[in-house]
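Since the structure comes first, as structure tokens, the remarks are kept for the end.
All of these numbers come straight from a predicted model, not from anything done at the bench.
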Amino acid sequence: MMAREQTMHELEQGDYTLPDTGRPVVRSTKGVISSGHYLTSMAGMRMLLNGGNAFDAIAAAGFAAAVIEPIASYSLAAEGVFMLYDAAGDEVLSLSGQGVAPGKATADFYKSQGFNRIPTGPGKDAHLAFTVPGIVAAYISLLERYGSMTIDEVLAPAIDYAENGIPHYEYMLNRLDNTNTATQFDNYPPGGWDVFYNNREVPEAGDTLVQSGLANTMKAMSAAAVSGDRLAGLQAARDVFYKGSVAKTIIDSSTKVGGILTMDDLGNYEALFGEPVSSTFEGHEILGHDTWTQAPMVQQTLNLLENFDLKAMGHNSPEYIHTVTEALKLVFGDREAYYADPEYAEIPLDGLISKEYAADRVGLIDPERALPEQAAPGDPWKYSNGVGHVPAAKAMAASTNGTSEDSNHEGTTHVSVLDDQGNMVCGTISGGAFVKSVFFPELGCALSTRIEMFNCEEGHPNVVEPGKRPRTTLINYMARKDGETVMTIGCPGGDNQAQANVQLILNTLVFGMDPQLAVEAPRFATASVENSFYPHNYYPGKLDLEPGIAESTADALRARGHEIDRAANCGLGATVSVRDPKTGNLSTGGDPRRACYAMGL
């Protein structure tokens, strides 16, 4: 009797063991959402609570994120990529809201200005990288095709946040306290000093942030709603942004600082739905975007890794980290040589993602020695129905170019929504970083500079051309099993995105982790590739490890030739969302590396 009373007393004081994660898995039968901030998630949840579906929710959350998360290098005048599953039509699609190069953006133009690559901030040439905004067209295309709510309903939470204010929060303040942000605001005055700071001082956590310029931009679109005609209202809102008053503000703002955007550039833009790129791994079909993103890297890497017994190696063991890293290095070599907008270049995609090509390349992974530099590309043309050649490997030297790119790696945000109708959608949204672009108070945001990811090498697949999408780092995925869509996967982080997504997939499909544990588990990332962001730094042999990876593991990796560095994060804001095919129940999680938050309905 005493023993039983003692046991009950102990349980009242606390549990016997701590949970495996710092946050719980969020589970629901009706709907889940996860995003980069709790208010972003609430904006989407308000749509679900009011009878909307997953597509209404992600659009509302995305508009709200432009207010809540501008320091996540995400702006209303920027871009995003989406993977979606429409339950009614039983189809999985990719959606490109990636902006394109303006009509005046050519390799000859940039060379005439004295540049071999397209420059961004921090510096006074950022206006040369302004990119046609794509994200608004993507949200409206989603709502037209799959949504149920009106444009004013979907914009209402974002307008409320912008007009009436939100509390400043720690993640935002940490990034406002950045010398490069201050420099860039001064390079293009007035910048965001009057919006985000108090007399040029970083505010206190809990101070109110009001963004009246951004509120006015959104209210102009909301006012276009047409009573009784949802689709007409959506079209009118698109026209306001791309052809009307907002478009004029964008062009006037760009022109006054020397930008090359035109009204025709905006008016001709369209978001594009497309068939996903598909491969298989661990009994699942992994679906992602085409080579206008870096997304096929994940399928290529998984094709290499299925030749190893990763589970036997052990999660985050030296053998495991080395093997995954070396596979990623090989695929980065291919990304740099072949990936580009397939509307403008012939890409050997069928060869790149073929199992035969992986079998041809896997022998290059030395189990005991790290590749000390960026990998040379392979020859996927041998396994492709197309015709092309293998480019010569580029001679490269280590470079830091006098600037840190941490702000790029920490940019971008991600939203995932699953509803009770069976719909699933995730979006990775980004662009308009304060340190890289120009903030226009009259617009309420900064313009994207994503065309920095082009090069100016004539004949290269990813050479800058008018109307072309830069080979963006933005990616996300869906997984299907036995014909049913069961999972969304995404993680912000620049060149770390593909690396983190590989690890999220391995965490779930190889090691059986739940959605929360999969995103909390420590990650790693190679920097042994020319960075996608200007000034394209390169750190040959460098391997970043998050703090949760043991020092003994770091020592074992050094012994294999890796140049080990410790990083606060290797991609942050990750989300895995799951629909159980047996019960239909939904689950998701929130990455504790930033102010992410998951909610269930």
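The pair D290-R469 does not meet the salt-bridge criterion, since no charged nitrogen lies less than 4.0 angstrom from a carboxylate oxygen. The pair E458-K111 fails the salt-bridge criterion, with no side-chain N (NZ, NE, NH1 or NH2) lying under 4.0 Å from an Asp/Glu carboxylate O. A salt bridge between R523 and D591 is present, with a side-chain N of the basic residue lying under 4.0 Å from a carboxylate O of the acidic one. Looking at K329 and E373, no side-chain N of the basic residue comes within less than 4.0 Å of a carboxylate O on the acidic one, giving no salt bridge. E563 and K542 are not joined by a salt bridge, as no carboxylate oxygen comes within less than 4.0 angstrom of a charged side-chain nitrogen. Between E69 and R594 a salt bridge is recorded (basic side-chain N to carboxylate O distance below 4.0 Å).
Residues passing the salt bridge (charged side-chain N to carboxylate O under 4.0 Å, His left out) test with E163, sequence neighbours excluded: K219. Scanning for side-chain hydrogen bond (donor to acceptor under 3.5 Å, both in side chains) contacts around T293 gives an empty result, with sequence neighbours left out. For K243, the side-chain hydrogen bond (donor to acceptor under 3.5 Å, both in side chains) criterion is met by no residue, not counting sequence neighbours.
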request  = Begin with the C-alpha distance, continue with both residues' side-chain angles, and end with the deciding distance and a verdict on side chain to side chain donor-acceptor pair (under 3.5 Å) for E79 and S448.
outcome  = CA-CA 7 Å; E79 58 264 336; S448 168; 2.6 Å; yes
request  = With side chain to side chain donor-acceptor pair (under 3.5 Å) as the test, would you mind laying out the steps for T183 and D186 before giving the verdict?
outcome  = CA-CA 5 Å; T183 298; D186 284 339; over 6 Å; no
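Under the side-chain hydrogen bond (donor to acceptor under 3.5 Å, both in side chains) test applied with S532, the options Q294, R471, E336, E452 reduce to a single match, R471. A side chain to side chain contact (heavy atoms under 4.5 Å, CB included) with I68 is found for one member of Y38, Y161, F63, Y74 and no other, namely Y161.
Ring planes of F130 and H127: perpendicular class, angle over 60° (limits at 30 and 60°). Relative ring orientation between Y269 and Y242 is described as parallel, the plane-to-plane angle staying below 30° on a 0-90° scale split at 30° and 60°.
Within 6.0 Å of OH on Y597 lie no more than 12 heavy atoms contributed by other residues, nucleotides or ligands. Crowding of N199 atom CG: a count of heavy atoms from other residues, nucleotides or ligands under 6.0 Å not exceeding 12. When the shell of 6.0 Å around CG of D207 is examined, it contains more than 12 heavy atoms from other residues, nucleotides or ligands. Atom NZ of K104 has 12 or fewer heavy atoms from other residues, nucleotides or ligands within 6.0 Å. Counting non-hydrogen atoms of neighbouring residues, nucleotides and ligands closer than 6.0 angstrom, the CD atom of Q113 exceeds 12 such neighbours.
For T449 and T120, the side-chain atoms include no donor-acceptor pair closer than 3.5 Å.
For the pair Q98/T472, a side-chain contact is recorded, criterion being any heavy-atom separation below 4.5 Å from C-beta on. With a 4.5 Å cut-off on side-chain heavy atoms, H168 and E204 do not count as touching.
Between F439 and F196, the ring center distance clears the sub-6.0 Å criterion.
Within the 3.5 Å criterion, the main-chain N or O of P348 finds no donor-acceptor partner in the side chain of Y338.
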